[in-house]
Amino acid sequence: MSHVARQADGDEKRERVNFIEQEVLQDLQLPKLAGRKVATRFPPEPNGYLHIGHAKSICLNFGLAEKYGGTCNLRFDDTNPSKEEQEYVDSIQEDVRWLGFQWNELRYASDYFDQLCDWAIQLIKAGKAYVCDLTAEQTREYRGTLTAPGKNSPFRERTVDENLKLFAAMKAGECADGARTLRAKIDMAASNINLRDPVMYRVLRSHHHRTGDKWCIYPMYDWAHGQSDSIESITHSICTLEFEDHRPLYNWYCENLGIYHPRQIEFARLNLSYTVMSKRKLLQLVKEGHVSGWDDPRMPTICGMRRRGYTPESLRAFCDRIGVAKFYSTIDVTVLENSVREHLNLVANRVMAVLNPLKVVLTNYPQDQVELMDAINNPEDASAGSRQVPFSRELLIERDDFMEDAPRKFFRLKPGGEVRLRYGYIIKCDEVVKDPVSGEVLELRCSYDPETRSGDENAVPRKVKGTIHWVSAAHAIKAEVRQYDRLFLTENPEVAPEGENFLANLNPDSIRVATAYLEPSLKEVKQGHFQFERTGYFCVDSVDSTAEHLVFNRIVPLRDSWAKMQEK
RNA sequence: UGCCCGAUGGUGUAAUUGGCAACACGGAAGAUUCUGAUUCUUUUAUUCUAGGUUCAAGUCCUAGUCGGGCAGCCA
């Protein structure tokens, strides 16, 4: 009912759309786009794994198409074979699908290499492109600086015929790598450096993951991207802010080629606190073994988050929540974590698991008796049903749930105190057994109140302040539990002490492995997300967990207001 | 001493395009609770600076401040 009310409420409110969506909606009214639906593309370079920053772009591009009945292509920007690999092509497709999106068409910039080449010849013939023999270093010198204009290349005024001939030679493999380039003839004095006769083609002998050894010249990003968009009839080419300066060039190519001209719109890429996002740094973490791989659950990669147990729904909700703007902002990781909790709370079945055990003996409970207690699987979802959990004389509880010298506000077990065992009985702590030497608490001897069985209609309605989870010692199954924490200690890992880099900020305690005791219902589990009651959300590790050796990853802990209180 | 872009509560984004600054998250307080979870209620706090235009400016103009991007044959 409240759901309906909320919806009705929402209908009355103006829908909030980001600035890109606004522009798109307006553009669609233009005569140029008459009768057209929005068409976007997600254009990753296959030189690394996708991360949460890409998820923002994916949600934006695919989301826009989805929302307005348009289309979104997945296009690999594979114009630089020296850095690109099939492995990445595969993982990117898997990640996009996993996020819940379907591309209209799967394309590659390399699909357009022939067309691009024809267009280059067209520009040469129009006197708008020339072959340049300057070395890379000379090219840089001639380009000028941010404050000083460049000067024309001595090869700038070659004749059309000569350019045609030389470009053919480049293409035919008659030039050494780096010996020549094809450049657009624009303006060496332009205040925008991208317009100072940008390189269109470089000579590069490198095996391409799709075209093999067919080409020895490869187009630059700027020369490929806009035309690829144009070929695919993209209406809106959405990219990150660093390409803002490239927009005039994007436009120049489309205009001078006289081809359909999509509109490029830029937005600020995502920054997350306590993590790094650059491909170079992520690669370094992997290569140097600071993490176990691209899919290490501590990585901000999509595959890392997937293995960690984050759900596509939560990632999409997160991307929705952070909005889209041109302001370069940093989102606090807790926003991500809260999105994850929000979804998991709805879908994750509850189970009981003890991470740090303390033995409890119920002295007045019959020696060999075992009761099966009914436990609700998910209070948020009645259809999830219930299960039975064995209860017996010897139990394991969480060590943190007992305190010998407890403060007033401590609602859990203390000497002489009472607590409810979740789905069990109320018990009273009668005796604390300690190691005479170390003083360590070895076990608790308690008595249970047989009149207080959970769910029993005849039970006496007693209330106690606290409820704790437990497992039956004899029935519990062991599992390895990996409790993850943030990979970096500092909010912005890029800021490192003098002479050091981001690695100095690595959290040495970002993974903590423990042996946990789980209720037996988890015995045959192979996959899935669970809430370990009162502890956190956990998932079966997709890589290392086996029937003989269960491994769980902590996705995210539950909110803990007790811990927060203690901090004060 | 170039060009381009940006600046709204603690954080992130809105503001019907010049008309009462709002939404979410977080924080705080409380209620409910057999999870110190969830849920619910209440509450907190905002337009970078200085001028100008206007009945009216977060929005327009001018200047400044601060932040970011750009000098790959990377994307």
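So that the names make sense, note that chain A is the first sequence line, chain B the second, and so on, each numbered from 1. Treat the numbers as computed from the prediction; the structure is a model and nothing was measured.
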Check your understanding: Under the 3.5 Å rule, do the base of A22(B) and the side chain of Arg16(A) count as making a donor-acceptor pair?
Key -> yes
Exercise for review: Treat primed atoms plus P, OP1 and OP2 as sugar-phosphate and everything else as base, then score nucleotides 67-75 of chain B 5' to 3': B for base contact with protein heavy atoms under 4.0 Å, S for sugar-phosphate contact only, - for none.
Suggested key: --BBBSBBB
Check your understanding: Reckon Val324(A) touches a base, only the sugar-phosphate, or nothing at all at heavy-atom distances under 4.0 Å?
Key -> sugar-phosphate
Check your understanding: At under 4.0 Å between heavy atoms, what does Gln566(A) touch on the DNA or RNA strands: base, sugar-phosphate, or nothing?
Key -> nothing
Point to revise | C25(B) to U65(B) separation - C1' atoms, rounded to the nearest Å | key: 30 Å
Revision key, fill the gap. When rounded to whole Å, the CZ to C1' distance for the pair Arg534(A) and A37(B) reads 10 Å
Review point. Are a donor atom and an acceptor atom from the side chains of Asn378(A) and Arg350(A) found within less than 3.5 Å of each other?
Key: yes
Check your understanding: In this structure, which one of Tyr218(A), Phe167(A), Trp215(A), Phe113(A) forms a ring-ring contact (aromatic ring centres under 6.0 Å, His included) with Tyr201(A)?
Key -> Phe167(A)
Check your understanding: Do the ring centers of Phe318(A) and Tyr310(A) come within less than 6.0 Å of each other?
Key -> no
**Study point:** Polar side-chain contact Glu380(A)-U39(B) base: donor and acceptor under 3.5 Å
**Key:** no
Check your understanding: Quick one: which of U17(B), C25(B), G36(B) gets closest to the side chain of Gln26(A)?
Key -> U17(B)
Check your understanding: For the pair made of CG in Leu195(A) and P in C4(B), what is the distance, rounded to whole Å?
Key -> 13 Å
Point to revise | Salt-bridge criterion met for Asp27(A) and Arg263(A) (N-O under 4.0 Å) | key: yes
Exercise for review: For this output row, return yes or no: ring centroids of Tyr250(A) and His246(A) closer than 6.0 angstrom.
Suggested key: no
**Study point:** Contact under 4.0 Å: Gln22(A) side-chain N or O vs U13(B) OP1/OP2
**Key:** no
Exercise for review: For the residue pair Asn338(A) and Arg559(A), confirm or rule out a side-chain donor-acceptor distance under 3.5 Å.
Suggested key: yes
Check your understanding: Is U17(B) in the syn or the anti form, by the rule that syn lies within 90° of 0?
Key -> syn
Point to revise | Ile322(A) vs Asp456(A), nearer the 5' end of RNA chain B by closest nucleotide | key: Ile322(A)
Study note, to complete from the structure: Glu398(A) CD to A37(B) C1', in whole Å, measures 15 Å
Check your understanding: What is the distance from CD1 of Ile376(A) to C1' of U38(B), rounded to the nearest Å?
Key -> 13 Å
Point to revise | Nearest-Å distance for atom pair NE2/P, residues His469(A) and U33(B) | key: 22 Å
Practice item. Measure from the side chain of Gln531(A), starting at C-beta and using heavy atoms only, and say which of U35(B), G36(B), A28(B) lies closest. Key: U35(B)
Check your understanding: Hey, where does RNA chain B pair up into stems, meaning at least three consecutive Watson-Crick or G-U pairs with distances under 3.5 Å?
Key -> B:2-7 with B:65-70, B:10-13 with B:22-25, B:26-31 with B:39-44, B:48-52 with B:60-64
Check your understanding: Is the glycosidic angle of G72(B) within 90° of 0, making it syn, or outside that range, making it anti?
Key -> syn
Check your understanding: Taking the C1' atom of each, how far is G58(B) from U33(B), in whole Å?
Key -> 43 Å
Review point. Roughly, in whole Å, what's the span from CD in Glu567(A) to C1' in G36(B)?
Key: 14 Å
Check your understanding: When you compare G12(B) with U47(B), how far apart are their P atoms, in angstrom units rounded to a whole number?
Key -> 15 Å
Review point. Does Arg341(A) get its side chain close enough to the base of U38(B), under 3.5 Å, for a donor-acceptor pair?
Key: no
Exercise for review: Flag yes if more than 12 heavy atoms outside Gln22(A) fall under 6.0 Å of its CD atom; otherwise flag no.
Suggested key: yes
Practice item. Starting from P on U13(B), measure out to CG on Asn271(A) and report it in whole angstrom. Key: 11 Å
Review point. Under 4.0 Å: is that the gap between some side-chain N or O of Lys326(A) and OP1 or OP2 of C4(B)?
Key: no
Point to revise | d(NE2, His343(A); C1', U38(B)) in whole Å | key: 15 Å
Review point. Do we count Phe327(A) as stacking onto G6(B) if the rule is ring centres under 5.5 Å and planes under 30°?
Key: no
Exercise for review: Could you pick out which residue, Thr330(A) or Met565(A), lies toward the 5' side of RNA chain B when each is mapped onto its nearest nucleotide?
Suggested key: Thr330(A)
Practice item. Taking atom P in both U8(B) and A29(B), compute the distance separating them and give it to the nearest angstrom. Key: 29 Å
Check your understanding: Got Met277(A) and Ile52(A) here, is their nearest side-chain heavy-atom distance under 4.5 Å?
Key -> yes
Review point. Which is true for Ser273(A) with a 4.0 Å heavy-atom rule: it touches a base, it touches only sugar-phosphate, or it touches nothing?
Key: nothing
Point to revise | C1' gap between A45(B) and U13(B), integer Å | key: 16 Å
Review point. With rounding to whole Å, what would you report as the distance between C20(B) and A56(B) at their P atoms?
Key: 15 Å
Revision key, fill the gap. With the side chain defined as heavy atoms from C-beta on, Thr147(A) is closest, among A15(B), G2(B), G36(B), to G2(B)
**Study point:** Counterpart residues, side chain to side chain donor-acceptor pair (under 3.5 Å), relative to Gln566(A) (two or more places apart)
**Key:** Trp562(A)
Exercise for review: Answer with base, sugar-phosphate or nothing: what part of the nucleic acid does Arg350(A) contact at a heavy-atom distance below 4.0 Å?
Suggested key: base
Exercise for review: Would you classify Tyr537(A) as touching base, sugar-phosphate or nothing, given that sugar-phosphate means primed atoms plus P, OP1 and OP2, and contacts are heavy atoms under 4.0 Å?
Suggested key: nothing
Check your understanding: Heavy atoms under 4.0 Å, any strand shown: does Pro248(A) hit a base, just sugar-phosphate, or nothing?
Key -> nothing
Check your understanding: Counting only N and O atoms by type, is there a donor-acceptor contact under 3.5 Å from the side chain of Glu398(A) to the main-chain atoms of Asn356(A)?
Key -> yes
Check your understanding: How is Glu266(A) classified with respect to the nucleic acid when contacts are heavy atoms under 4.0 Å: base, sugar-phosphate, or nothing?
Key -> nothing
Review point. What nucleic acid atoms does Asn47(A) come within less than 4.0 Å of, heavy atoms only: base, sugar-phosphate, or nothing?
Key: nothing
Review point. On a whole-Å scale, what distance lies between the C1' atoms belonging to C23(B) and G9(B)?
Key: 12 Å
Practice item. Mind checking Gly150(A) for me? I need base, sugar-phosphate or nothing, with any heavy atom below 4.0 Å counting as a touch. Key: nothing
Practice item. In whole angstrom, give me the gap between the C1' atoms of U53(B) and G30(B). Key: 50 Å
Point to revise | Contact check, side chains of Cys132(A) and Val199(A), non-hydrogen atoms, under 4.5 Å | key: no
Check your understanding: Between Arg422(A) and Glu533(A), is there a side-chain N and carboxylate O pair less than 4.0 Å apart?
Key -> yes
Point to revise | Pairing of Asp133(A) and Arg158(A) as salt bridge, 4.0 angstrom limit | key: yes
